[in-house]
Visitor: 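What follows is a single structure, and I will ask about it in a moment.
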Amino acid sequence: MKEYGVFDVIGPIMIGPSSSHTAGAARLGLTARKIAGEEIKEVVFYLHGSFAKTYSGHGTDKALVAGVLGLEPDDERIKNSFQLAQEKGLLYSFREKDLGEVHPNTVLIAMETASGQRWEVTGSSLGGGKVRIISINDLEVEFSGEYTTLITFHQDRPGIIADISAVLAKYKINVAFMRVFRLNRSANAVLIAETDEDISNAVLTEIEKNAYIYLAKVLRPF
Amino acid sequence: MQIRNGEDLISLCREKKLPIHQLMLEYECFKSGKEPAAVYEEMRSHLLVMKKSVYQGLNEKLTLKGKIIGGEAKKLQRRSQNAKPVCGYTMSRAISFALSVTEVNAAMGRIVAAPTAGSCGVLPGVLFGLAETFELQEDRQVEGLFTAGAVGLVIAKNASLSGAAGGCQAEIGSASAMAAAAVVEIMNGSPEQALHAGAIAIKNLLGLVCDPVAGLVEVPCSKRNVVGTANALTAAEMALAGIESAIPFDEVVTAMYQVGCALPPTLRETSEGGLAVTPTGRRLKKEILG
């Protein structure tokens, strides 16, 4: 049985009309933007299932663009996000795509950042404004973004998880959930740790000292 | 502290000699580790968003437009200014507020899902309708939101709050039960009476299907927020008079869950049945979505 809190029932504060198709979409867009970590130059949204069929009626398109622009799910500017994108020079487009056996409200967000990095983030809107990120750049992952989330991209080898855990322990950061994912043995792997405390940039820098960790990021809840 | 169902809620209230809203505040602090003042303030910020959305659709300058609906709240307000409302002043105000919030939602404005965006008008409609008639202080309304939250939480745990899973009864029915219980506590009724009101509210909307035209949160959603509002006020009035639900709250919630499971998928937010597939429903869909 899931442990509901009162604000799961009275809330979220959001921009209408639909918690799954508008608020969830905005959250997915913003989470993708935070994973990319910098301003986005161009984005293509690949819409699956119900998202593909109904996106314009619920403003799913405007919400996704708003998120990628950095707006939060309760920002009243979501309504005018297309105009905002034009002003900021963000190129965006929408395509329908069958993403396979995934939740009906799923989108693949393919971004190119201002510095030319490419990021692909796939996530599902689960209802009530809640989301789940299911892949980053072909690596399967799973997290909600409701907690402070540490993401590391590293080489799959012994000791990496222990090193990361040691740094977190040193700064008294409690891990609520932790998962590791990899493409195949000795190849690229990703670790997702959802924590109760904030992870400061200093902690992040310490984690990144490990030579086998290519990149570490922190997503803070919004 | 464990709140699995309505029975837990009542026995905890009895044991601690607290109203539901205070118990809910304690529970949230216990669960989140936050201070009561912080949790209270967060709830107050939700009330303030509701307050803005309640008056936004009644603003004379602005007409809120969805794809189909828009301007209905103002029509109701105008009538209540020019004629004696047939359903009484409190009800008339409450339903115009409920409509206003649904119009804000359809027009991509800011609302509080309570418990869902589709049912976002009921709780603010009821709370602000009541506030005008009884000159309620803000803290009574915030308390009402905690009462409502407790009832919603129990429904979420034992049935569903989503139209896709349980039909409209799960959204408007739940919102109405939450609002009914809130009214009872605001009017100094007991926790038992609050749950009787909740049970009555659900019973009267049991079986309501989710059949949105063109898949939009507009038709019939907006006016169902009105019926949820009216239903909450009548259920609360009955409970405050000492009328009890013959079927206890927890059994009603279970019945709602079972009815939701028995509903065919065509009547659970897929827009493949009910009003969505009427000739006019189909025409509207074609006009809007092409």
Side-chain angles (χ1 to χ4, degrees), chain A residues 1-26 49-63 65-66 71-82 103-105 125-130 146-147 174 176 196-197, chain B residues 3-4 24-25 27-28 31-33 39 42-43 45-47 49-50 53 66-67 101-102 104-118 120 123 145-146 148-158 161-162 164-165 174 178 214-218 221 270-271 285 288-290:
Chain A
M1 196 186 281
K2 185 189 175 301
E3 265 315 302
Y4 289 91
V6 73
F7 298 109
D8 290 324
V9 179
I10 310 291
I13 296 172
M14 56 168 271
I15 298 301
S18 161
S19 63
S20 56
H21 286 67
T22 321
S50 169
F51 263 16
K53 281 187 206 156
T54 64
Y55 69 93
S56 71
H58 291 301
T60 307
D61 45 2
K62 289 178 181 170
V65 167
L71 304 189
E72 300 208 353
D74 68 340
D75 193 314
E76 284 180 303
R77 293 173 295 172
I78 287 177
K79 196 177 174 173
N80 306 316
S81 69
F82 288 175
H103 189 281
N105 298 328
S125 175
L126 308 175
K130 296 193 179 301
E146 286 168 34
Y147 293 81
N174 187 49
D196 291 326
E197 285 81 22
Chain B
I3 303 175
R4 290 164 304 186
M24 192 61 216
L25 178 61
Y27 176 80
E28 185 65 22
K31 199 189 147 285
S32 66
V39 173
E42 190 172 349
M43 191 59 96
S45 74
H46 284 65
L47 182 77
V49 173
M50 285 182 173
S53 63
K67 297 268 194 306
V101 178
T102 65
V104 171
N105 184 53
M108 293 191 83
R110 188 192 280 137
I111 55 100
V112 180
T116 61
C120 65
L123 202 43
L145 288 180
F146 279 106
V151 169
L153 199 109
V154 167
I155 300 172
K157 284 186 177 183
N158 296 286
L161 299 173
S162 113
S174 300
M178 291 157 63
L216 300 172
V217 191
E218 299 196 24
C221 320
T270 53
S271 297
K285 183 183 175 186
I288 295 159
L289 301 177

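Everything numeric here is computed off the predicted structure, so don't read it as measured data. Convention: sequence-line order gives letters A, B, ...; per-chain numbering from 1.
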Visitor: B/Met43 versus chain A, heavy atoms under 4.5 Å apart: side chain, backbone, both or neither?
Guide: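 For B/Met43, the contact with chain A is made by backbone and side chain together.
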
Visitor: Identify which of B/Leu153, B/Thr102, B/Val39, B/Leu161 forms the greatest number of heavy-atom pairs closer than 4.5 Å to chain A.
Guide: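 Going by pairs under 4.5 Å, I would pick B/Leu153.
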
Visitor: Under a 4.5 Å cutoff for heavy-atom pairs, which residue among B/Ala148, B/Ser45, B/Ala156 has the most contacts with chain A?
Guide: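 Among the listed options, the one with the most contacts to chain A is B/Ala156.
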
Visitor: Please classify the contact of A/Ser18 with chain B as side chain, backbone, both or neither, using a heavy-atom distance under 4.5 Å.
Guide: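 For A/Ser18, the contact with chain B is made by backbone and side chain together.
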
Visitor: Determine whether more than 12 heavy atoms belonging to other residues, nucleotides or ligands lie under 6.0 Å from atom NZ of A/Lys53.
Guide: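 Open.
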
Visitor: Tell me, for B/Glu218 versus chain A, whether the close heavy atoms (under 4.5 Å) come from the side chain, the backbone, both or neither.
Guide: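 Contact with chain A: none, neither part.
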
Visitor: For chain A, find which of B/Ala113, B/Ala117, B/Gly118, B/Gly149 contributes the most heavy-atom pairs closer than 4.5 angstrom.
Guide: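 Between B/Ala113, B/Ala117, B/Gly118, B/Gly149, the count favours B/Ala113.
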
Visitor: Name the option with the most non-hydrogen atom pairs under 4.5 Å to chain A; the candidates are B/Leu145, B/Ile111, B/Val49, B/Val217.
Guide: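 Result: the option with the highest number of such pairs is B/Ile111.
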
Visitor: Okay, side chain of A/Asp75, backbone of A/Leu71: is any donor-acceptor separation there less than 3.5 Å?
Guide: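 Not confirmed, A/Asp75 side chain does not pair with A/Leu71 backbone.
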
Visitor: Can you say whether B/Ile155 sits under 4.5 Å from chain A via the side chain, the backbone, both, or neither, judging by heavy atoms?
Guide: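 Contact with chain A is absent: no heavy atom of B/Ile155 under 4.5 Å.
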
Visitor: Looking only at side chains, do A/Asp61 and A/Ser56 share a donor and an acceptor under 3.5 Å apart?
Guide: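 Short answer, no.
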
Visitor: Nearest 0.5 angstrom please: A/Ser20 OG to A/Leu126 CG, how far?
Guide: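 So the OG of A/Ser20 and the CG of A/Leu126 are separated by 9.5 Å.
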
Visitor: Looking only at heavy atoms and a cut-off of under 4.5 Å, which of B/Ala106, B/Gly152, B/Gly33, B/Gly109 has the most pairs with chain A?
Guide: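 Top option by heavy-atom pairs under 4.5 Å: B/Gly109.
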
Visitor: Which distance, rounded to the nearest 0.5 Å, do you find between the CD1 of A/Ile10 and the CZ of B/Phe146?
Guide: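 Going from the CD1 atom of A/Ile10 to the CZ atom of B/Phe146 covers 9.5 Å.
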
Visitor: Determine whether more than 12 heavy atoms belonging to other residues, nucleotides or ligands lie under 6.0 Å from atom CZ of A/Phe7.
Guide: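 More than 12 heavy atoms, drawn from other residues, nucleotides or ligands, come within 6.0 Å of this atom.
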
Visitor: Is A/Lys62 in contact with chain B via its backbone, its side chain, both, or neither, using a 4.5 Å heavy-atom distance?
Guide: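 Contact with chain B: side chain only.
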
Visitor: Just to verify, what does A/His21 make a ring-ring contact (aromatic ring centres under 6.0 Å, His included) with, not counting sequence neighbours?
Guide: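 With sequence neighbours excluded, A/His21 shows a ring-ring contact (aromatic ring centres under 6.0 Å, His included) to A/Phe51, A/His58, given in chain and number order.
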
